[in-house]
Amino acid sequence: GESLDQAAVDALVGRLASITLTRPLGRTEDAAYGLDAPQATVTVTTQPAGGTPTTTTLAIGAANADDSSYTVKSSASDFYVTVPQFQLQE
């Protein structure tokens, strides 16, 4: 079967936890955000000890060349935001 690279998983979770927004775009979707066909989708399920699992999905949309960012939408928020490109690479 397949094996899990725990170090890679830990690094990914750390990066996801430290994502910061560049600016909020509001609550209304715009076709220019590129989220109708996201460039990537990341789904993470977390479960605190003895707690209930929570699943969050990040959809990564269009690149914005003006400020080297991407549009991102989290299933845990009503807001569309931009996130620095360097935080989403690799």
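As a basis for the values below, the full set of heavy atoms in this structure was taken, side chains included, without hydrogen atoms, waters or symmetry mates.
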**Student:** Does anything in residues 45-76 pair up under ring-ring contact (aromatic ring centres under 6.0 Å, His included), and if so which pairs, sequence neighbours excluded?
**Tutor:** none

**Student:** Does Gln47 have any side-chain contact (heavy atoms from CB on, under 4.5 Å) partners at least two apart in sequence or in another chain, and if so, which?
**Tutor:** Pro53

**Student:** Could you tell me which residues satisfy side-chain contact (heavy atoms from CB on, under 4.5 Å) with Ala59, sequence neighbours excluded, listed by chain and number?
**Tutor:** Leu35, Pro38

**Student:** Taking the side chain as every heavy atom from C-beta outward, state whether Ser74 and Thr56 have any pair of such atoms under 4.5 Å apart.
**Tutor:** yes

**Student:** Checking Ser69 side chain against Pro84 main chain: does a donor-acceptor pair fall under 3.5 Å?
**Tutor:** no

**Student:** Evaluate the side-chain proximity of Val44 to Thr55: yes if any heavy-atom separation is below 4.5 Å, no if none is.
**Tutor:** no

**Student:** Under 4.5 Å between any side-chain heavy atoms of Val81 and Thr71, yes or no?
**Tutor:** no

**Student:** Who pairs with Arg23 by side-chain contact (heavy atoms from CB on, under 4.5 Å), at least two apart in sequence or on another chain?
**Tutor:** Leu25, Asn64, Asp67, Thr82

**Student:** Indicate the atoms forming the closest heavy-atom contact of Thr20 with Val83, along with that distance.
**Tutor:** O-CG1, 3.8 Å

**Student:** Applying ring-ring contact (aromatic ring centres under 6.0 Å, His included) as the test, list every pair that has at least one member in residues 18-54; sequence neighbours left out.
**Tutor:** Tyr33-Tyr80

**Student:** With sequence neighbours left out, write down each residue that passes side-chain contact (heavy atoms from CB on, under 4.5 Å) with Ser68, or none if nothing qualifies.
**Tutor:** Gln85

**Student:** Check for a donor-acceptor pair, side chain of Gln87 on one end and backbone N or O of Ile19 on the other, with a separation under 3.5 Å.
**Tutor:** no

